[in-house]
Amino acid sequence: MLRSILLFHVVAGEVPASDVTKLTDVTTLNGQRATIGTNNGVTIGDATVISADIQTSNGIIHVIDEV
């Protein structure tokens with residue numbers, strides 16, 4: 001169950017916040033769909049990105065305000 005929850009919060013590849021220009025669906029690593037949008041900033045589902053484009057050794061992290 002924990003694995004599924006964690007993988008729902010990961011998408012393959014790197015998507016910087018500046019590349020999000022319209023509403024789009026993505027497939028997460030657990031196979032579920034999530035909607036990324038630009039409603040009052042960058043959103044994913046009902047969560048808002050509060051800190052974007054944090055570079056790591058294996059990708060980009062975007063901190064959201066809820067899970």
Side-chain angles (χ1 to χ4, degrees):
M1 179 101 140
L2 178 59
R3 178 179 166 84
S4 179
I5 291 169
L6 293 175
L7 290 178
F8 177 71
H9 292 84
V10 179
V11 274
E14 292 187 3
V15 182
S18 60
D19 284 358
V20 179
T21 59
K22 63 179 181 169
L23 190 66
T24 187
D25 284 336
V26 295
T27 301
T28 66
L29 289 186
N30 78 347
Q32 290 183 283
R33 305 286 291 164
T35 302
I36 298 175
T38 56
N39 186 16
N40 295 322
V42 177
T43 59
I44 184 158
D46 294 331
T48 300
V49 174
I50 57 173
S51 184
D53 299 335
I54 301 167
Q55 286 290 333
T56 67
S57 62
N58 63 347
I60 298 175
I61 296 172
H62 304 291
V63 179
I64 56 176
D65 64 352
E66 62 182 79
V67 177

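We're numbering straight along the sequence, starting at 1.
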Do I50 and I54 belong to the same hydrophobic cluster, where Ile, Leu, Val, Met, Phe, Trp and Tyr are linked whenever their side-chain heavy atoms lie under 4.5 Å apart, directly or via other members? yes

Should the heavy atoms of other residues, nucleotides or ligands under 6.0 Å from CG of D19 be counted, would the total exceed 12? yes

How long is the straight-line distance from CG of L6 back to CE of M1, given to the nearest 0.5 Å? 11.5 Å

Any sub-3.5 Å donor-acceptor pair from T56's side-chain atoms to G59's backbone N or O? yes

Using a cut-off of 6.0 Å, state whether more than 12 heavy atoms not belonging to R3 lie near its atom CZ. no

Looking at every heavy atom in both I44 and I36, which two are closest together, and how far apart are they? CD1-CG1, 3.9 Å

So, the side chain of N30 versus the backbone of L7: is there a donor-acceptor pair under 3.5 Å, distance only? no

Determine whether a donor-acceptor pair (N or O, by modelled atom type, separation under 3.5 Å) exists between the side chain of D53 and the backbone of P16. no

Who are the side chain to side chain contact (heavy atoms under 4.5 Å, CB included) partners of T38, not counting sequence neighbours? V20

Report yes if the side chains of N40 and T48 come closer than 4.5 Å at any heavy-atom pair, otherwise no. no

Heavy atoms of Q55 and I60 approach each other most closely as NE2-CG1, 3.6 Å

If Ile, Leu, Val, Met, Phe, Trp and Tyr residues are connected whenever their side-chain heavy atoms lie under 4.5 Å apart, and connections chain through other members, are V49 and V26 in the same group? yes

Do F8 and V11 sit in the same hydrophobic cluster, where Ile, Leu, Val, Met, Phe, Trp and Tyr count as joined when their side-chain heavy atoms come under 4.5 Å apart? no

Answer yes or no: is there a side-chain heavy-atom contact under 4.5 Å between T27 and Q32? no

Which atom names give the shortest non-hydrogen contact between A34 and T28, and what distance separates them? CB-CG2, 4.1 Å

Under the rule for side-chain hydrogen bond (donor to acceptor under 3.5 Å, both in side chains), what residues qualify as partners of S51, not counting sequence neighbours? none

